[in-house]
Each structure stands twice: as structure tokens, then as C-alpha cells.
Amino acid sequence: MVETAIDNSPQPIPDKLYFRIGEVSRLTGVKQYVLRYWESEFAGLGPKKSGTGHRLYRRKDVELLLEIKHLLYEKRFTIEGARKWLEDRRKAPIAAKPAPKPENQAELFDSPVDGIRHELREILKLLK
DNA sequence: CTTCTGACA
DNA sequence: TGTCAGTA
């Protein structure tokens, strides 16, 4: 069984200046349409566009993508939760102890996966 | 051939 | 989140 899908193994980021979405997808193991979707959810993800509108990702973009992927898939954060986490981390770069802000706690550990929400919406529509 | 947007599931 | 069309 030759799995041709997409391997999620940590790939070394090539020493190039720009990457196309297809390459970024293979490098990060994240589907192309998901990469485009995340752009609409995370400020800070704004790949330059070539003259013909093609996305041009830089190393930083790929690294941020890997981080978001980890927060969403490994830690099972919500888009909102991941956003907060990244925001708070921006303010406190390598702070010793990111004093837990009680206000964010709820969102940080807000768990429902967005994909599940979508499925629930579909099911509810079928039940109407 | 690859990526892009928009529409729809 | 996943797929498709028509395109640049």
C-alpha cells in the first residue's frame, strides 16, 4: 500500500527564498485549501502575491504554519484558541511564566473542533 | 502543469 | 473542511 497522500513527517525547510503553496503543503503536511482558509483566520499569515496572484511563502510563513498546525491538530485548539495563544505569545516572547490570564483560559481550552461543528450543522440541516 | 477565486456541499 | 469549474 503506497500511501501517496501527504506525509506528515517534519520536513526540513529548503534554503529557498520563496515557496509555492504546493510545496508548502508538502512541507507542512497541510492541504492547500486549508492553507488558504487559515489565511482568512490568522492575521500574520499574508503571503506575498506574485504578479499573477500566486502566493509566495517565505521561511517565516512556513514556520508559523507549522506552529498553527501543531496548536490546531496536536493540542486540539480552536481557531479562536490558537489565535489567542499566538497573540499572548507575541506580547510575551520567551517570558518565564506567561501568567495565566483567567479571561483567556476558557478560550485557550475551548475544545470543539471546527470540523465537528461543521458536521453538526450538516446533520441539523438534514433533521429539519 | 500549478495555482487562483468563487460557489457549493 | 472538501470539491469542482474555469482560468491565468
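Keep in mind that this is a model prediction, so the values were computed, not measured. Any value given below was found using the heavy atoms of this structure, including those in side chains, with hydrogens, waters and symmetry copies removed. Order of the sequence lines sets the chain letters (A, B, ...), proteins ahead of strands, with each chain counted from 1.
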Would you mind reading off the distance between [X] atom [atom1] and [N] atom [atom2], rounded to a whole angstrom?
| X | N | atom1 | atom2 | value |
| --- | --- | --- | --- | --- |
| A:Leu35 | C:dG2 | CG | C1' | 14 Å |
| A:Ile68 | C:dT1 | CD1 | P | 12 Å |
| A:Tyr37 | B:dA9 | OH | P | 18 Å |
| A:His54 | B:dT5 | NE2 | C1' | 11 Å |
| A:Gln32 | C:dG2 | CD | P | 13 Å |
| A:Arg36 | B:dA7 | CZ | C1' | 14 Å |
| A:Glu39 | B:dT3 | CD | P | 14 Å |
| A:Arg26 | B:dC1 | CZ | C1' | 12 Å |

Candidate list A:Lys69, A:Glu74, A:Lys75, test side chain to side chain contact (heavy atoms under 4.5 Å, CB included), partner A:Leu71, passing option: A:Lys75
Just to confirm, is there a sub-4.0 Å distance from OP1 or OP2 of [N] to any side-chain nitrogen or oxygen of [X]?
| X | N | result |
| --- | --- | --- |
| A:Tyr33 | C:dT1 | no |
| A:Lys49 | B:dT5 | yes |
| A:Arg55 | B:dT3 | no |

Salt bridge or not for A:Glu67 and A:Arg89, using N-O below 4.0 Å?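 So A:Glu67 pairs with A:Arg89 through a salt bridge.
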Value rounded to 0.5 Å, distance of CD in A:Glu39 from CG in A:Asp61: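 Between atom CD of A:Glu39 and atom CG of A:Asp61 there are 9.0 Å.
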Are A:Leu27 and A:Leu56 co-members of a hydrophobic cluster defined by side-chain heavy atoms under 4.5 Å apart? no
If you look at every strand shown and take non-hydrogen atoms under 4.0 Å, does A:Arg20 touch a base, only sugar-phosphate, or nothing? sugar-phosphate
Mate of B:dC1 where both pairing distances stay under 3.5 Å, Watson-Crick or G-U: none
